[in-house]
Undergrad: 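Here it is, the structure, as structure tokens.
Labels below follow one simple rule: chain letters A, B, ... track the order of the sequence lines, proteins then strands, and each chain is numbered from 1.
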Amino acid sequence: MKKIYMDYNATTPVRPEVLDAILPFYREEFGNPSSVHWAGRAVSGAVEKAREQVAKLINCSPAEVVFTSCGSEGDNMALKGTVAALRDKGNHIITTGVEHPAVLETCHYLEKNGCDVTFLTVDSDGMVDLRQLEDAITEKTILISAMWGNNETGTLFPVEEIGRIARKHKVRFHTDAVQAVGKIPVDVQKAGADLLVLSGHKIGAPKGVGAIYIRRGTRMTPLIHGGHQERNRRAGTHNVAGIVGLGMACELAGQNLEQNAERMAHLRDKLEQGILNQIPDVKVNGHRTQRLPNTLNVSFAYIEGESLLLNFDMKGVAASSGSACTSGSLEPSHVMGAMGVDVALAHSSTRFSLGPDSTEEDVDYILEILPPIIQRLREMSPLYPG
Amino acid sequence: MKKIYMDYNATTPVRPEVLDAILPFYREEFGNPSSVHWAGRAVSGAVEKAREQVAKLINCSPAEVVFTSCGSEGDNMALKGTVAALRDKGNHIITTGVEHPAVLETCHYLEKNGCDVTFLTVDSDGMVDLRQLEDAITEKTILISAMWGNNETGTLFPVEEIGRIARKHKVRFHTDAVQAVGKIPVDVQKAGADLLVLSGHKIGAPKGVGAIYIRRGTRMTPLIHGGHQERNRRAGTHNVAGIVGLGMACELAGQNLEQNAERMAHLRDKLEQGILNQIPDVKVNGHRTQRLPNTLNVSFAYIEGESLLLNFDMKGVAASSGSACTSGSLEPSHVMGAMGVDVALAHSSTRFSLGPDSTEEDVDYILEILPPIIQRLREMSPLYPG
Amino acid sequence: MYTEKVMDHFSNPRNVGEIENADGVGEVGNASCGDIMKIFLKVEDNVIKDIKFKTFGCGAAIATSSMVTEMAIGKTLDEAMELTNAAVAEALDGLPANKMHCSNLAADALHEAIKNYRENHS
Amino acid sequence: MYTEKVMDHFSNPRNVGEIENADGVGEVGNASCGDIMKIFLKVEDNVIKDIKFKTFGCGAAIATSSMVTEMAIGKTLDEAMELTNAAVAEALDGLPANKMHCSNLAADALHEAIKNYRENHS
Ligand SMILES: Cc1ncc(COP(=O)(O)O)c(C=O)c1O
Ligand SMILES: Cc1ncc(COP(=O)(O)O)c(C=O)c1O
Ligand code: FES
Ligand code: FES
């Protein structure tokens, strides 16, 4: 059966060049980069090279890059590390209602532990209101945490303006750029970010490696205490293969950033138009222009997301859904909720996320199989007016 | 040049069977185990299989195994997760002066944040005193954290008796078993441990993956909040390849545990005897019987550790040292310090740690090159009486 | 994650649709996930002669809907009232732990439909 | 981590040893890491004619010891007093950041030896 992967926002295949770069570190170069002998030396050079590759992609200096085990660790470190380090300055955090759970759940945890958290609302496109942000800042505000690109809808926040507001009020700015890095240009200087989190497996590196940018001079308490790795900012033996892979993936992403973005946007737009032209009662979720080039989120009214995904799956198409039924949780997507999408449509929301290897044929195939599936499921739905 | 690796306590090469098990997850099986479609399904099965493999090696149920990114993360989670969860019960932790920095530094951090920590002393063999342990327990004690096997000296703590004392006083017991797992039988039931940490790269799995055993019913606050992975105990997309590798490494370790331990002990003893027979003014550090089968720590009086390591390195031998000079830190090994080894001898301490692939020839080669190196360095030393 | 039986009933659901002028109709919503199921009955001599369903819900919800209609057809109303959620889940060779709540939909909707029939015909 | 120059001086250290009946001896300990260095001088007409060292310390400590002896030999005492730690490190093409403190040993021991000579001969 044809297999079409349209779930690059969930994770990506490891790029062949990345695998080639990694393999020696599973074979001859197995040392611990902290060791002084031959086995350690080759490896510590490779870790530092990867640090430069990551730094180049986001335009910072290598010493400002700290390797982590995933985006979630990075977000936890950004938030908890700031709260612990700036306890004397204040206890107020501003974030948004559409952040990834790695930020939201951490904020809920911090709320239970003495922090005040303001969750900014978003409009029906998932966009924040900068005035609301600025008004929320108080003397106690120590951190603004606002994501660069939304994982469900692709909506892009105006990070440069958020960064400007943060600087104006001397508040630290963290941005979860897990979905933005590698898909669009990400420049920590332009964004005025003090902290920025990325994750390898979203950009063709292996799962289980990520990085956090920590602007020089930013006081942070480590999340993982212990050895002297990463200049005392993150203990634990380096995931050398993963780090080397992350470096290579960043280099590759940087080389083809614009072309890949254009190609993906073209295919995404074709998919979007094709769906809107063929199928009635479809709602596109997310901002129509300020959006990641690879992401399309649509609600097919009257149909529940998981049952749609399973039908896709039977035809070899991998996508994802904001339905509660998919996750086994009790509530459908908090992102749809924050955007004011009604519960049934939130259950119906379906995300197609493309990657650099997506093709016209992939899109054509989806547009071919989609209408009968939708028709069949709607006929099974008690909500469908017929 | 001959290359002899005698630093298995620092890290180990990935076993070929482990690499074979991993590779498919960098190629066709790249899905996110949290996804419902084909790309996720194969992968989630593999993660669950690995969980069973880990559980079997340490004799627990798979649901009690949580995957982490390294031993350091596990130790941080054990300590911080306990302190946060048992805040209402007390704030006193008992640990020992010879723990790994992942435990010690975390304890120092917790001390600054309202915890009382008792650091038990050890004797000149690096052994704890159980009476001192029991006497240290108060009404406020929530955790005993005592390592299974020491990374520098190999000294083995009497974990079963520590577990018994912990249970008797209804105190939670965490053991850092990073160095013990895979080298000697580790059974969480026998040890009476509530928490146990292990790390993949010490047993032939890749760097950047580990696990923590959390006994059923043990209240823990996550270190990494976010998604629903690992039953809400550790957020972050799974390091699938690493986890599969960890599972395979645990299975392999379990198959050959006794034979490997015997082989390594035989070679280690030969090395120890050879050194003691050939070289005067040598002190063995650590317990002579209660010791990991693969670890030999010796101080070559009058010689500083890093200069010895560099000389080994020039002959292709990889070992490690407790000298401050090796790490660029200010103090020589805290383990040597806790054992009352004098500062100059602590600087001289050198660790040879063997692995399942170590051979008689490796040992013979070291015994051959060692005397002239020692002689040369001693003649350069202002401490050497001649 | 789903058993073969679940996937069979999900991909070829039995008895999908509505019955015009049904003798009994039951509709339930799943409070925990917002899903909805509707069951239509044709009853003769206290025996379920025909049954159809419509479901807005996950794979498990659709499969349990299909299964419950197969299990109910031909049964007397009293027998059908004794069909439990657990029995439906079991007939599907089990459901994932986090999907057990979905099976509630099916038996509940059936029971509602029978109650509705009894109200209409008492 | 070390430059080629460092490794060269470490593996083939120049002027290792003691000078019997030295004109000046300097010994310093490195407070931060416990390492020790001893320098022995033979002085004629205020010029360093011979110099030897003994060092208990890391690779950087040994290499800087060796380098400082090479740099000092043939210099007048005044010239030698102006040798700085930085100059020694630079002559080795640099040291890793966390090893800069080791270079303190070398110049300090040299200066101590010269002071010791001056005390003995004033
Ligand atoms: C006893 C002990 N605990 C913890 C660790 C930390 O493990 P990792 O390097 O995987 O973070 C190590 C290894 O360095 C160790 O030897
Ligand atoms: C926006 C965003 N932040 C954080 C994460 C967490 O990254 P990871 O899965 O590497 O922990 C993800 C991915 O799921 C994401 O999309
Ligand atoms: S019906 Fe919603 S999760 Fe199954
Ligand atoms: S002399 Fe001790 S670190 Fe160099």
Undergrad: Please tell me whether Phe312(B) and Phe352(B) form a close aromatic pair, meaning their ring centres lie under 6.0 Å apart.
TA: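 Yes, close enough.
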Undergrad: Using heavy-atom distances under 4.5 Å, tell me whether Ala318(B) contacts chain A through its side chain, its backbone, both, or neither.
TA: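 Both parts, heavy atoms under 4.5 Å.
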Undergrad: Is His108(B) in contact with chain A via its backbone, its side chain, both, or neither, using a 4.5 Å heavy-atom distance?
TA: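 His108(B) has no heavy atom closer than 4.5 Å to chain A.
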Undergrad: Quick one: what part of Val209(A) sits under 4.5 Å from any heavy atom of chain B, side chain, backbone, both or neither?
TA: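 The answer is neither part of Val209(A).
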Undergrad: For the interface with chain B, which of Leu309(A), Asn239(A), Val317(A), Asn76(A) has the highest count of heavy-atom pairs at distances below 4.5 Å?
TA: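 Heavy-atom pairs under 4.5 Å are most numerous for Asn76(A).
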Undergrad: If you tally heavy-atom pairs under 4.5 Å against chain B, which of Leu310(A), Val240(A), Val36(A), Thr237(A) wins?
TA: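 The option with the most such pairs is Thr237(A).
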Undergrad: Report which part of Lys3(B) has an atom under 4.5 Å of a heavy atom belonging to chain A: side chain, backbone, both, or neither.
TA: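 Both backbone and side chain.
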Undergrad: Mind running side-chain hydrogen bond (donor to acceptor under 3.5 Å, both in side chains) on Ser145(A) and Glu99(A) for me, showing each step along the way?
TA: CA-CA 9 Å; Ser145(A) 180; Glu99(A) 300 293 311; 4.5 Å; no
Undergrad: Check the side chains of Glu304(B) and Ser323(B) for a donor-acceptor pair under 3.5 angstrom, ignoring hydrogens and angles.
TA: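 Yes - a donor-acceptor pair under 3.5 Å links their side chains.
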Undergrad: Any idea which of Val18(A), Asn32(A), Ile22(A) has the most non-hydrogen atom pairs under 4.5 angstrom with chain B?
TA: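 Among Val18(A), Asn32(A), Ile22(A), the one with the most close pairs to chain B is Asn32(A).
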Undergrad: Does the distance from a Lys or Arg side-chain N to an Asp or Glu carboxylate O, for Arg351(A) and Asp7(A), drop under 4.0 Å?
TA: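 Salt bridge flag = yes for Asp7(A) with Arg351(A).
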Undergrad: Taking Pro101(A)'s backbone N and O only, do any of them form a donor-acceptor pair with Glu105(A)'s side chain (distance below 3.5 Å, no angle check)?
TA: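 No; judged by distance alone, with no hydrogens or angles, the pair does not exist.
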Undergrad: Side chain, backbone, both or neither: which part of Thr221(B) has a heavy atom under 4.5 Å from chain A?
TA: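 For Thr221(B), the contact with chain A is made by the side chain alone.
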Undergrad: Under 4.5 Å from any heavy atom of chain B, what part of Ala39(A) do you find: side chain, backbone, both or neither?
TA: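 Contact with chain B is through the side chain of Ala39(A) alone.
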Undergrad: Name the option with the most non-hydrogen atom pairs under 4.5 Å to chain B; the candidates are Pro206(A), Gly71(A), Ser34(A).
TA: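 Among Pro206(A), Gly71(A), Ser34(A), the one with the most close pairs to chain B is Pro206(A).
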Undergrad: I need the residue from Gly210(B), Ser320(B), Ala319(B) with the largest number of non-hydrogen atom pairs under 4.5 Å to chain A.
TA: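 So the answer, after comparing Gly210(B), Ser320(B), Ala319(B), is Ala319(B).
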Undergrad: Is chain A contacted by the side chain of Ala84(B), its backbone, both, or neither, given a heavy-atom distance below 4.5 Å?
TA: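 Ala84(B) touches chain A through side-chain heavy atoms alone.
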Undergrad: Please classify the contact of Leu104(B) with chain A as side chain, backbone, both or neither, using a heavy-atom distance under 4.5 Å.
TA: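 No part of it gets close to chain A.
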Undergrad: Does the cation-pi check pass for Lys207(A) over Phe30(B), that is, NZ or CZ under 6.0 Å from the six-membered ring centre and within 45° of its axis?
TA: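 Pair Lys207(A)/Phe30(B) does not count as cation-pi.
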Undergrad: Pro16(A) versus chain B, heavy atoms under 4.5 Å apart: side chain, backbone, both or neither?
TA: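 Nothing of Pro16(A), per the 4.5 Å heavy-atom cut-off to chain B.
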Undergrad: Under a 4.5 Å cutoff for heavy-atom pairs, which residue among Gly40(B), Pro13(B), Gly208(B) has the most contacts with chain A?
TA: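 Top option by heavy-atom pairs under 4.5 Å: Pro13(B).
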Undergrad: Between chain A and each of Met314(B), Glu306(B), Met77(B), Arg234(B), count heavy-atom pairs under 4.5 Å; write down the option with the most.
TA: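 So the answer, after comparing Met314(B), Glu306(B), Met77(B), Arg234(B), is Arg234(B).
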Undergrad: Of all of Ala241(B), Gly242(B), Gly316(B), which one pairs up most often with chain A through heavy atoms under 4.5 Å apart?
TA: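 Most heavy-atom pairs under 4.5 Å with chain A: Gly316(B).
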Undergrad: Should the pair Lys315(B) and Tyr365(B) be classed as cation-pi, given the thresholds of under 6.0 Å to the six-membered ring centre and 45° from the axis?
TA: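 No.
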Undergrad: With only heavy atoms counted, which part of Leu23(B) is less than 4.5 Å from chain A, the side chain, the backbone, both or neither?
TA: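 Looking at Leu23(B), just its side chain touches chain A.
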Undergrad: Kindly indicate, with the supporting measurements, whether the criterion side-chain hydrogen bond (donor to acceptor under 3.5 Å, both in side chains) is fulfilled by His174(A) and Asp75(A).
TA: CA-CA 9 Å; His174(A) 162 56; Asp75(A) 283 330; 3.0 Å; yes
Undergrad: Ignoring hydrogens and geometry, is there a side-chain-to-backbone donor-acceptor pair from Asp362(B) to Ile4(B) under 3.5 Å?
TA: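 Looks like no, no N/O pair under 3.5 Å.
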Undergrad: Does this structure show an ion pair linking Asp313(B) with Arg41(A), if we count only N-O contacts that are shorter than 4.0 Å?
TA: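 Yes, charged N to carboxylate O under 4.0 Å.
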Undergrad: Does the ring centre of Phe119(B) sit less than 6.0 Å away from the ring centre of His334(B)?
TA: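 His334(B) vs Phe119(B): aromatic centres not under 6.0 Å.
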